[in-house]
Q: 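Sharing a structure here in structure tokens format.
First the proteins, then the strands, lettered A, B, ... as listed; each starts at 1. Computation of the quantities below employed the complete heavy-atom set of this structure, encompassing side-chain atoms and omitting hydrogens, waters and symmetry-equivalent molecules.
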Amino acid sequence: MTWVGQRVARKEDLPLVTGTGTYVPDFNLPGTLEVAFVRSPLAHARILNIDTAEALSAEGVVAIYTGPDIRDQVHALVLDQEAAPPGLETAAPEIHPATIEILADAEVRHVGQAVAAVVADSRYHAEDAAELVRIDYDELRAALDPEQARLPGAPIVFDNVPNNVQARYRIRVGDADAALDGAEHRLAMKIRSQRVMAAPMETRGVLASTVGEETTVWSSTQIPWAVRNSIAGAIGVPQRQIRVQIPHMGGGFGQKVNVYPEEVLVTYISRVLHRPVRWVEDRVENMIASGHARDQLHNVEAAFDSEGHITAIRDRFVLDSGVACPYPLSSAYNVASHFRSMYRIANFSIDAECVLTHKMFNLPYRGAGRPEAAFVMDRVINAVAQELSLDPAEVIMRNLIADEEQPYRMGMPYRDGHEVVYDASGFPAAFERLLELIGYAEHRRTQAQLRAQGVHRGIGLGTYVEGTGVGPFESGQVHVDAQGHVVVYSGCAPHGQGLDTTMSQVVADAFGITPEEVVFRAGDTALLPYGVGTFASRSVVTAGAAIIESSNRLLKRIKAIAGEMLEMAPEDLEVGAGRVRVRGVPSRGVSFKEVYRAASPGPGARLPEGMDPGTSESFYWVPPTVTWGFGVVGAVVDVDPETGVVDVRKVVMLHDCGRVINPLIVEGQIEGGLVQGIGATLYEHVIYDESGQPRATTFLDYLLPTSAEVPEIVQEHLEGTPSERNPLGVKGVGESGPISPPAAIANAIIDALSPLKIQLNELPLSPATVVAAIERAGAEGPLHPTGVKIGFPASNQSGGFLR
Amino acid sequence: MKEVEVRLTVNGRERSARCEPRTTLADFLRGHLGLTGTHLGCEHGVCGACTVLLDGATARSCLMLAVQGQGHEVTTIEGLGTPENPHPLMRAFSEMHGLQCGFCTPGFILSAHEYLRENPRPDRQAMRKDLSGNICRCTGYVKIFAAVERAAELMAEPEAARS
Ligand code: FES
Ligand code: FES
């Protein structure tokens, strides 16, 4: 049987369901010291004095570190991981590296920045002592609005970043200016994707233990190799003295795709004190001192003809970086390369700036620029329909790239420097299927009648494309061990995606064994010389390719060795059930164990002439470029126009992720992603007030979707276009879910209230936002949803006028 | 700070340890008794990752002090089943893919346990509300619902058929 394509229950589940998993906080190493951080209460201030005397004498305290204490030993992180690659010249990128201090030295730059680290025998004692550290600040004016922060005279966040513009790029395809000048119709919109955060259920955490010269660092991170390299660089030790390993991990979604100051400092302290040292972030810290995301304000213009064909898009947007945007290509450039989605838009112009402010730094979060782009694009399409009084579905259809036009060239480079050329097709068919599944025609027939009964129901639509499996590379290594097991190592860093199971299915097919028989290990820098990690919908594509290629190499090798043992030509051998057998004579063969023995160095070796010993092969997969998934999403909502409360009843999503290895896992990714998308659309918002104080610091003010908010979810995998850009034919899927909900839900609300012709261009779509949009539309004198013309006295704040 | 002795029944066994009186039940279970299956997602009573059963009813162990558990019976995820002998809920969560990272899972399973005791024949609409005290950031809940329904089936089977 083949395992690829089966709904296999996951191999990794047993410890997790029985509570016997090991996350960073669960380790119990004798003598572990715990760290608590003293963090800045101000957005921007000079540090005048730090007094640790009282704290040092508190119960259980072992040491306290401040910025000046470590100035000469531990260097700030200067992250240039997303310098522009060759091929991106036409985008004229200007990128300054992101600076992240380990502990604030002279100045604090956002609320939550670490200023001092207290090390004690327990977390309780460390927190007690942290309260006794006295810090005098001289508060400074903070840059908080990115539009203002880029202007002369604004407070400067880092001196090496002039005008606070840490990164910028521009793209010109065709001539958008000319097309807009000569357009039959045009519109302009201001569209905002709010600041959100990934909020994985497990916060960050790091435990470092030093034995001799080597420190093992268990960290809840998506990028163990980069963390190792950054730590080694920052504290000035050889990389091979630092081993970073990920234990069980409670999610990441992009928040753990950066190296953080705490990882560096905890490692350093462990090496100084020769003790295991741990820091586990609490939830409040996670909300103010772990990466935020999105926070983009777009000014977009569109040109279109009277049939709704969009002829040009011109967009200028600003990304509020906070104190750093460590991934300007992912967070900001992805917007450009995904903006036009499944649409044929010949003229496109975009200008982007990542602007520093005195807030927490901005990281890619599941979707990384794509949800922001899709929200703008599909709001524009919807506005075009509204403007021309056409059905939005009709306008989408008219702009979709036809199959004959594929592989469609977008006329601009991807962030890897290669031209964007879609390796997918079937856009119109997928969209038609969406309309059918969601009952669009039926909805159009019954909507007015429902409205007359007081039910304001709408359907909104969205589309997306997703470049997946981005490089630079990923590693794989496959072994047959002394017991005859097939053992797989990879540079990916699974933390909930089920990669053990998925990759084991692939390897099981290659070796004719079961997934249970495959031993999979990943996320440990001691396994392999190179590795990258798990993020950006990349692991099944890149690690999968590396693993299948190393499997194929190993199969070749073990057949050659078995051929030597059996005195047969390797072509006449096959592999199955842990043996290499003679084709057609299954009883004749040798076990993997015997092959291992024959391949071991020493007098007993029986290797083909010239072959080195060993039953191990590696492969580093360098993708030619990304492979493109796509999808279409529809949302059905009921809206209460008086309260602005939106009830998402149903979400339908069709998506192409190439060949599906495990449908159960793919469905789980889609469902989880969609619900995160619903959260970011309706509830989630990281708010800073006018003094730079974060206002969402607990789950009471940062609202995550619970099971009560989950609509009916319908999904279909489109397997029409297996990728030709990797050996497994797969495309990534992890990030696809959250891309379209903002646009689909906003458009659905607008549809539910269509006679009012409202605009929803700012996320989240809280009840207040929806009511405000109704009032704004009302001020311009539209119709009551029931068709009655109504007045909106400016003083009436209650919303009761719609009764 | 002065320590006190806390005695309680955990997973059917008498346990005692000394701790500072301010120690939360969650930290006591995890740190003093080594039962790290109880997870901490927020420490402010919202996420439900720290859910345990206190005298059979769900409780948030991050919001309770260990001393408040004195004399009571606590069941943690470790008491519900083991890798050698997993509870039907544990099997069902795996079978239906009701978990991804697994961080919320112990708490979810204990809440689902209480829910199924009261609703042996679960109804998906009701379940959406009744299980909304536990947050999962990974699954989107759909497969958790399926897992709870599946567990109800497994639990309805006669004991012999289960093993
Ligand atoms: S940790 Fe107790 S409710 Fe979140
Ligand atoms: S499985 Fe990750 S939070 Fe629920």
Side-chain angles (χ1 to χ4, degrees), chain A residues 7 9-10 12-23 25-28 59 122-125 128 198-203 248-253 280 282-284 495-498 664-665 667-676 678 698-700 704-710 713 737, chain B residues 1 20 22-23 27 30-31 34-47 49 76-78 80-84 86-87 89-106 109 127-145:
Chain A
R7 300 173 74 85
R10 298 195 319 173
E12 39 278 82
D13 287 348
L14 194 59
L16 305 182
V17 294
T18 52
T20 53
T22 308
Y23 300 82
D26 301 339
F27 282 76
N28 184 16
E59 185 180 356
S122 78
R123 176 66 186 247
Y124 283 67
H125 289 150
D128 287 346
M201 274 302 106
E202 183 206 21
T203 57
H248 285 130
M249 237 176 104
F253 314 112
V280 175
D282 72 22
R283 183 55 64 181
V284 178
H495 50 282
Q497 294 82 358
L664 195 60
I665 289 176
E667 284 167 20
Q669 289 293 317
I670 296 285
E671 288 158 2
L674 280 173
V675 172
Q676 285 190 7
I678 291 171
T698 69
F699 282 155
L700 297 166
L704 300 177
T706 73
S707 59
E709 281 80 49
V710 174
I713 292 176
Chain B
M1 197 176 284
E20 293 182 1
R22 59 178 172 168
T23 307
D27 287 340
R30 293 177 46 82
L35 296 168
T36 53
T38 301
H39 295 161
L40 290 167
C42 70
E43 296 176 276
H44 51 248
V46 179
C47 74
T76 68
I77 190 71
E78 292 91 343
L80 207 63
T82 61
E84 298 69 37
H87 187 275
L89 266 161
M90 296 169 170
R91 289 195 280 139
F93 265 68
S94 176
E95 195 183 317
M96 306 311 287
H97 193 30
L99 71 153
Q100 290 180 24
C101 76
F103 198 77
C104 71
T105 311
I109 285 180
M127 200 193 308
R128 289 175 69 215
K129 296 261 170 342
D130 289 344
L131 292 178
S132 67
N134 289 68
I135 295 177
C136 175
R137 192 58 160 164
C138 297
T139 62
Y141 305 99
V142 180
K143 293 199 179 339
I144 291 181
F145 301 148

Q: So what's closer than 4.5 Å to chain A heavy atoms on His87(B): side chain, backbone, both or neither?
A: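 His87(B) has no heavy atom closer than 4.5 Å to chain A.
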Q: Provide the closest heavy-atom pair for Ile109(B) versus Val17(A) in the form atom of the first, atom of the second, distance.
A: CD1-O, 3.7 Å
Q: So for Glu43(B), is it side chain, backbone, both, or neither that comes closer than 4.5 Å to the heavy atoms of chain A?
A: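 Just the side chain, heavy atoms under 4.5 Å.
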Q: Report which part of Tyr141(B) has an atom under 4.5 Å of a heavy atom belonging to chain A: side chain, backbone, both, or neither.
A: side chain
Q: So which of Pro705(A), Gly673(A), Gly737(A) has the largest heavy-atom pair count under 4.5 angstrom toward chain B?
A: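 It is Pro705(A).
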Q: So which of Ile665(A), Asp282(A), Asn28(A), Leu674(A) has the largest heavy-atom pair count under 4.5 angstrom toward chain B?
A: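 Highest number of pairs under 4.5 Å: Ile665(A).
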Q: Looking at Arg10(A) and Gln100(B), would you say the former's side chain and the latter's main chain have a donor-acceptor pair under 3.5 Å?
A: yes
Q: Please assess Leu40(B) against Arg283(A) for the test side-chain contact (heavy atoms from CB on, under 4.5 Å), listing each intermediate value before the final yes or no.
A: CA-CA 9 Å; Leu40(B) 290 167; Arg283(A) 183 55 64 181; over 6 Å; no
Q: Test of understanding: with side-chain hydrogen bond (donor to acceptor under 3.5 Å, both in side chains), list the residues that count as partners of His495(A), not counting sequence neighbours.
A: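 Applying side-chain hydrogen bond (donor to acceptor under 3.5 Å, both in side chains) to His495(A) gives Gln497(A).
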Q: As an exercise, state the distance from CD of Gln669(A) to SG of Cys138(B), rounded to the nearest 0.5 Å.
A: 8.5 Å
Q: Looking at Gly37(B), Gly41(B), Cys101(B), which makes the most heavy-atom pairs under 4.5 Å with chain A?
A: Cys101(B)
Q: Please classify the contact of Met201(A) with chain B as side chain, backbone, both or neither, using a heavy-atom distance under 4.5 Å.
A: both
Q: Can you give me the closest heavy-atom contact between Arg30(B) and Pro25(A), atom names plus distance?
A: NH2-O, 2.9 Å
Q: Examine whether an atom of Ser132(B) lies under 4.5 Å from a heavy atom of chain A, and if so say whether it belongs to the side chain, the backbone or both; otherwise answer neither.
A: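 The answer is both parts of Ser132(B).
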Q: Of the backbone (N, CA, C, O) and the side chain (C-beta and beyond), which part of Thr23(B) lies under 4.5 Å from a heavy atom of chain A, both, or neither?
A: both
Q: Please classify the contact of Gln676(A) with chain B as side chain, backbone, both or neither, using a heavy-atom distance under 4.5 Å.
A: both
Q: For each of Leu131(B), Ile144(B), Leu80(B), tally heavy-atom pairs with chain A at distances under 4.5 Å, and name the one with the top tally.
A: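 Of the options given, most contacts go to Leu131(B).
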Q: So how far is it from Ile135(B) CD1 to Leu704(A) CG, rounded to the nearest 0.5 Å?
A: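 Here the rounded value is 5.0 Å.
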Q: Determine the option with the most heavy-atom pairs under 4.5 angstrom with chain A, choosing from Val142(B), Leu89(B), Asn134(B).
A: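 Most heavy-atom pairs within the cutoff with chain A belong to Val142(B).
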Q: Locate the shortest heavy-atom distance separating Gly19(A) from Pro106(B); write the atom from each residue and the value.
A: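 Between these two residues, the closest heavy atoms are CA-CG, 4.3 Å.
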Q: Hey, what do you get for NE2 (His97(B)) to CG (Leu664(A)), rounding to the nearest 0.5 Å?
A: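 That separation rounds to 5.5 Å.
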Q: Rounded to the nearest 0.5 Å, what's the gap from CE on Met90(B) to CG on Leu16(A)? Could you check?
A: 11.5 Å
Q: Could you look at Ser94(B) and say if it's the side chain, the backbone, both or neither that has a heavy atom under 4.5 Å from chain A?
A: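 For Ser94(B), backbone and side chain are both near chain A.
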Q: Is it the side chain or the backbone of Thr698(A) that comes within 4.5 Å of chain B heavy atoms, both, or neither?
A: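 Both backbone and side chain.
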Q: Within the structure provided, determine whether His39(B) and Asp26(A) are in side-chain contact (heavy-atom separation under 4.5 Å).
A: yes
Q: Which pair of heavy atoms, one from Phe103(B) and one from Tyr23(A), lies closest together, and at what distance?
A: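 In this case the closest contact between Phe103(B) and Tyr23(A) is N-OH, 3.4 Å.
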Q: Out of His125(A), Arg123(A), Glu12(A), which one racks up the most heavy-atom pairs below 4.5 Å with chain B?
A: His125(A)
Q: Given the options Thr82(B), Thr76(B), Val46(B), Leu99(B), which has more heavy-atom pairs under 4.5 Å with chain A than any of the others?
A: Leu99(B)
Q: Going from CZ on Arg22(B) to CG on Asp128(A), what distance comes out if it is rounded to the nearest 0.5 angstrom?
A: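 That separation rounds to 4.0 Å.
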Q: Taking salt bridge (Lys or Arg N to Asp or Glu O under 4.0 Å) as the definition, give me every residue that meets it alongside Glu667(A), ordered by chain and number, with sequence neighbours left out.
A: Arg7(A), Lys143(B)
Q: Given the options Gly21(A), Pro15(A), Gly252(A), Ala199(A), which has more heavy-atom pairs under 4.5 Å with chain B than any of the others?
A: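 Answer, by heavy-atom pair count under 4.5 Å with chain B: Ala199(A).
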Q: For a quick test of reading the model, state the closest non-hydrogen atom pair linking Phe253(A) to Arg137(B) and the distance between them.
A: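 That closest heavy-atom pairing would be CE1-CG, 3.6 Å.
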Q: Which distance, rounded to the nearest 0.5 Å, do you find between the CG of Asp13(A) and the CZ of Arg91(B)?
A: 13.5 Å
